[in-house]
Amino acid sequence: MSSSQSCPPDEILTQFASGTLPPLALHQLETHLDVCPECRMLLSALKGERRSGAQTWLQAPVLGTIAPGTVLAGRYRIDRLVGRGGMGEVYEATDEILRTTIGFKSLTVAELQQDESQKRLRREVLVARQVTHRNVCRIFDFGVTPDMCFLTMEFLPGTTLRQHICAGTPMAPHIVRSVVQQLTDGLKAAHDAGVVHRDFKTENVILVPGSAAPTRAVITDFGLAAWVGPGTPVSTLGARFAGTITHASPEQLRGGAVTLATDIYALGVVLFELATSGALPTNGRSPYEIAAQRLNEAAPSPRQFAPEVDQNWERVIAQCLERDASARPRTADEVFHMLYPK
């Protein structure tokens, strides 16, 4: 493999990311990476996917690292573990001063040693506090003890949108409309505050059931979010990939400028999942292959996976998934009104 040859097959990059590539092949790949920024960015994304794994915050293991009944920072009593993700753990807890139930997100011991992980947790607090909306998870506080960093947040009893979709329980059309409107309202509130989420996906949406009101859809996890001014992009060139490959826009994968249109692309992926009962707009067998398809091919039609999908939904999803960011709808609420014209 030389710098003049084509990019390596995805199995080579997979072996590299897992540390199992033989020495000779490793030397050849490193030579190629010296002259191929696209492969460098895709490798960064692949490593991030391997590190975070497939777990979500609400895929609850049996035991957490903090024992129930433990009181932290003199006020937060841990009640039970509700989930574990790539960065830490989330617990249901009680604020003993205010006598309220809260969510308590802590870094794992391994992640605590990484300065970038602590910065991400702080960023989640700072960014989420800029957005006040019922469809965005409220963040209360950030704290540090000798053993951990943590944040406290609104406790959201429910399941992720991804879990609901994969459970195979169809949503009634009026519920789908309500969820889509809430998601676009939440994204619009973030965008109006100059915040781009950068990791919007069905795993980061919690559906909170209500007895007297429709299901509440709440956008969570602003740990990768960034501020953007009006029309001002955030450049990620040279930085580690931030996001999730299945929902990342082409500009994220290239390490280019990220704007509010990045979230519109991710919204298109979420709509694709809703329309097809969980299918994703790619047939890639690996993170590298998914990323390569996203960069070089138009997104497939959701009707390939679910022929009954409404043609208007097909058209709007295709527009959200345009590789050219300028060709996507300008705002989240515009997407809603395109899906549900008066």
Side-chain angles (χ1 to χ4, degrees), residues 52 55-60 64 76 78-95 98 100-107 117-143 149-165 178-210 213-227 242-244 247 260 262-263 266-267 270 332-333:
S52 63
Q55 292 178 315
T56 67
W57 287 112
L58 292 179
Q59 289 176 324
Y76 304 119
I78 300 300
D79 296 326
R80 67 183 180 94
L81 179 71
V82 295
R84 176 178 288 142
M87 215 179 81
E89 298 172 330
V90 174
Y91 296 84
E92 180 181 353
T94 300
D95 184 333
L98 298 178
T100 58
T101 299
I102 61 165
F104 185 97
K105 181 188 287 190
S106 69
L107 289 178
S117 295
Q118 296 185 42
K119 289 180 180 177
R120 176 173 170 175
L121 207 61
R122 290 190 185 94
R123 185 188 304 122
E124 183 166 359
V125 177
L126 292 172
V127 173
R129 278 184 169 179
Q130 306 302 308
V131 187
T132 303
H133 195 275
R134 73 180 301 272
N135 299 120
V136 173
C137 181
R138 296 195 304 274
I139 303 293
F140 302 136
D141 196 13
F142 173 83
C149 292
F150 65 88
L151 63 80
T152 59
M153 59 188 180
E154 175 184 11
F155 180 64
L156 300 169
T159 60
T160 68
L161 179 55
R162 183 65 184 173
Q163 287 174 320
H164 185 91
I165 292 172
S178 173
V179 168
V180 172
Q181 181 162 23
Q182 292 181 74
L183 295 182
T184 54
D185 285 351
L187 279 179
K188 181 179 185 301
H191 293 173
D192 286 349
V195 172
V196 55
H197 191 288
R198 290 204 297 178
D199 198 24
F200 181 66
K201 56 186 177 181
T202 47
E203 290 91 338
N204 284 340
V205 174
I206 306 296
L207 299 180
V208 182
T215 298
R216 178 183 167 211
V218 187
I219 302 170
T220 67
D221 199 347
F222 281 76
L224 293 179
W227 282 284
T244 302
H247 293 68
L260 303 181
T262 298
D263 284 348
L267 174 60
V270 169
D333 58 334

**Q** Are Asp199 and Thr244 close enough that a side-chain donor and a side-chain acceptor fall under 3.5 Å?
**A**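 Yes, Thr244 and Asp199 have a side-chain donor paired with an acceptor closer than 3.5 Å.
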**Q** Roughly how far apart are Thr262 OG1 and Arg198 CZ, rounded to 0.5 Å?
**A**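 Reported to 0.5 Å precision, the distance equals 9.0 Å.
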**Q** Let me confirm one number: the OH-CD1 distance from Tyr76 to Ile102, rounded to the nearest 0.5 Å.
**A**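 Answer rounded to 0.5 Å: 5.5 Å.
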**Q** Treating His197 as the side-chain partner and Asp221 as the backbone partner, does any N or O pair qualify as donor plus acceptor under 3.5 Å?
**A**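 Pair found, side chain donor or acceptor close to backbone of Asp221.
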**Q** Can you spot which of Arg134, Lys105, Arg138 makes a salt bridge (charged side-chain N to carboxylate O under 4.0 Å, His left out) with Glu154?
**A**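 Between Glu154 and the candidates, salt bridge (charged side-chain N to carboxylate O under 4.0 Å, His left out) is satisfied uniquely by Arg138.
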**Q** With distance as the sole test, does Asp141 use its side chain to make a donor-acceptor pair with the main-chain N or O of Leu151 at under 3.5 Å?
**A**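 Between the backbone of Leu151 and the side chain of Asp141 there is no qualifying donor-acceptor contact (under 3.5 Å).
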**Q** Going by the angle between their ring planes, with limits at 30° and 60°, are Phe150 and Phe104 parallel, tilted or perpendicular?
**A**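 Phe150 and Phe104: parallel rings.
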**Q** For Thr215, is there any backbone N or O sitting under 3.5 Å from a side-chain donor or acceptor partner on Gln182?
**A**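 Pair found, side chain donor or acceptor close to backbone of Thr215.
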**Q** Pair Asp95, Thr152 - check side chain to side chain contact (heavy atoms under 4.5 Å, CB included), show working.
**A** CA-CA 9 Å; Asp95 184 333; Thr152 59; over 6 Å; no
**Q** Under the criterion side chain to side chain contact (heavy atoms under 4.5 Å, CB included), I'd like the reasoning laid out for Thr160 against Thr202: C-alpha separation, chi angles, the key distance, then a yes or no.
**A** CA-CA 7 Å; Thr160 68; Thr202 47; over 6 Å; no
**Q** Any chance you could measure Asp192, atom CG, to Leu260, atom CG, to the nearest 0.5 Å?
**A**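 If I round to the nearest 0.5 Å, the distance is 9.0 Å.
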**Q** Quick check: closest heavy atoms across Phe155 and Val82, and the distance to 0.1 Å?
**A**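 Of all heavy-atom pairs spanning Phe155 and Val82, the closest is CE1-CG1, 4.2 Å.
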**Q** So Met153 and Val90, do their side chains get closer than 4.5 Å, heavy atoms only?
**A**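 Val90 vs Met153: side chains touch.
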**Q** Rounded to the nearest 0.5 Å, what's the gap from CD1 on Ile206 to CZ on Arg216? Could you check?
**A**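 Atom-to-atom, Ile206:CD1 and Arg216:CZ are 10.5 Å apart.
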**Q** Begin with the C-alpha distance, continue with both residues' side-chain angles, and end with the deciding distance and a verdict on side chain to side chain contact (heavy atoms under 4.5 Å, CB included) for Phe222 and Ile139.
**A** CA-CA 10 Å; Phe222 281 76; Ile139 303 293; over 6 Å; no
**Q** I need the Glu92 CD to Arg80 CZ distance, nearest 0.5 Å.
**A**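 Those atoms lie 4.5 Å apart.
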**Q** Identify the two heavy atoms, one from Lys188 and one from Asp333, that lie closest to each other, and give their separation to 0.1 Å.
**A**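 Smallest interatomic distance, heavy atoms only, reads CE-OD2, 3.3 Å.
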**Q** At their closest point, which heavy atom of Ala217 faces which heavy atom of Leu207, and how far apart are they?
**A**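 Nearest pair, atom of Ala217 first, then Leu207: CB-CD2, 3.9 Å.
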**Q** So among Val218, Leu187, Val131, which one has a side-chain contact (heavy atoms from CB on, under 4.5 Å) with Val136?
**A**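 Between Val136 and the candidates, side-chain contact (heavy atoms from CB on, under 4.5 Å) is satisfied uniquely by Val131.
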**Q** What heavy-atom pair brings Thr220 and Leu156 nearest, and what distance separates the two atoms?
**A**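 Minimum heavy-atom separation between Thr220 and Leu156: CG2-CD1, 3.7 Å.
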**Q** Testing the basics here: between Gly158 and Pro209, what is the closest heavy-atom pair and its distance to 0.1 Å?
**A**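 The answer is CA-CD, 4.2 Å.
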**Q** Please round to the nearest 0.5 Å and tell me the distance separating atom CG of Asp263 and atom CG of Leu183.
**A**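 It comes to 12.0 Å.
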**Q** Yes or no on side chain to side chain contact (heavy atoms under 4.5 Å, CB included) for Val179 and Val205, after CA distance, side-chain angles and deciding distance?
**A** CA-CA 10 Å; Val179 168; Val205 174; 5.7 Å; no
